[in-house]
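Data block below; observations after.
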Protein chains: 2
Amino acid sequence: MSVRKLCLTILSFGDATGYEIRKESTSGRFSYFDEASFGSIYPTLAKLENEGLVTVREESQSGKPTRKVYSITKAGRAALVTELCAPQQPDSYRSPFLLIALCAEHLDQATLRAAIERRRLHLQEELSVLQGHNEETQHPGARWTRNYGIACMEFSLGYLASHGEELIAMAGRPAGANPIDDGSGRLSKTTEQTPPVATEAAE
Amino acid sequence: MSVRKLCLTILSFGDATGYEIRKESTSGRFSYFDEASFGSIYPTLAKLENEGLVTVREESQSGKPTRKVYSITKAGRAALVTELCAPQQPDSYRSPFLLIALCAEHLDQATLRAAIERRRLHLQEELSVLQGHNEETQHPGARWTRNYGIACMEFSLGYLASHGEELIAMAGRPAGANPIDDGSGRLSKTTEQTPPVATEAAE
DNA sequence: TTCGGTATGTATCAAATCAATATATGTCAG
DNA sequence: CTGACATATATTGATTTGATACATACCGAA
């Protein structure tokens, strides 16, 4: 049911085509709320039109296939408000990066380093997007979410910067069922590049 | 393809039934990596068994339907490492809460307050889960991800505590020229001491 | 004690959704 | 002038979800 909210929300910030809605929900201003593909967006827009919550106008330019530009109606705005007032679903964070981190002991340093770097780049890219959208932040809610996003990402970047090496140092060090390797204490320098890591499937 | 990684990862931390895998992925120790329902877990486990990456043993207790307990094999561990070494997909954060925040101007204070409170409770609950799992954090990777999670959640809680009121104060203050709310909610009228919301200059 | 609620468990199915692709056109670089 | 890329609508096959059925056990309340 949330593709509805997504479409209505994006349209409440301005007219858009299905293509634009998809783009903004995956990698644009609206990429923190929900994601959807064409297969769900187009049917949803059709349904919304059918319910009178949005209208369409066809803009046929020279040559180009006719753009179908959707606009939200007053009834659409009211419906959006109603849906937003219902108790929200919990936020979800799904992290392929943390999965790698979780398994650090079974991987090698290069893999961990690459994973951190990829995560860092992704965060910085998203940060740039957010920081770039400061012109159109006249909407108070948009400004608040933008600041929240920036704060969270800067925090994450800082954490990666200050704790990344710790993670990398865990490469190839299975903890095993042995008495907590905490006992070994300084697991840092001495064994740095010693063990043939090699990700042996330890069992 | 990530349900595979999820199952293999959970099994690499110990034997489990399909039911347990599902539970841990939605609300347990492993709830930050990927989510899956029975409809994808059971077929995946069957396929993994077929490939020799996991084994099953049936434990038939008195009365209860036979538990099918899955174990990861050496080949399974190797396959997991291989898959983890491939470039990871970007992390994703989907936030029904931020969607509400984005639309703050169209909602009322009670709704915003409730949304923040719900978010706060959810964060605290997840935080408790993480903090409760400090015994079994002998795995270095698990310890790192746990600390990372705790740090992020504490940061978020702090941000909500210090900026939540700002958000609530945005209730019923449309910024742009659009008089929304189709009259059904005369929020903007009744808004208390609101001076004409300085932020204008709509597109 | 028996009813209902919750928890453990496996398993399936219709409906929703995704990833990929087909179609069509414009643009811009090499 | 060719190939890659962006815009744009739309569909299709495969996957995934959400709900449910089935079966048992435990626990508190009527």
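Because the structure is a prediction, the values reported are computed rather than measured. Excluded from the calculations below are hydrogen atoms, water molecules and symmetry mates; all remaining heavy atoms, backbone and side chain alike, are included. Every chain is numbered from 1, with letters handed out A, B, ... down the list of sequences.
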Give the intermediate values and the outcome of side chain to side chain contact (heavy atoms under 4.5 Å, CB included) for residues A:Lys68 and A:Glu49. CA-CA 12 Å; A:Lys68 293 172 80 170; A:Glu49 193 204 345; over 6 Å; no
Could you tell me whether B:His139 and B:Phe13 have their ring centroids closer than 6.0 angstrom? yes
Does the ring centre of B:Phe155 sit less than 6.0 Å away from the ring centre of A:Tyr159? no
Students often get this wrong, so: under 4.0 angstrom with heavy atoms, is [X] touching a base, only sugar-phosphate, or nothing?
X	value
B:Gly18	sugar-phosphate
A:Glu35	sugar-phosphate
A:Ser40	sugar-phosphate

If only side-chain N and O atoms of [X] are considered, is one of them under 4.0 Å from the OP1 or OP2 phosphate oxygen of [N]?
X	N	answer
B:Tyr19	C:dT10	no
B:Lys23	C:dA7	no
A:Tyr42	D:dT9	yes
A:Thr17	D:dT9	yes

Checking B:Glu51 against B:Arg4 for the salt bridge (Lys or Arg N to Asp or Glu O under 4.0 Å) test, could you report, in this order, the C-alpha distance in whole Å, the side-chain angles of both residues, the deciding distance, and whether it holds? CA-CA 12 Å; B:Glu51 295 176 41; B:Arg4 277 174 66 95; 3.0 Å; yes
5′-ward residue of the pair B:Val69/A:Ile41 relative to DNA chain C: B:Val69
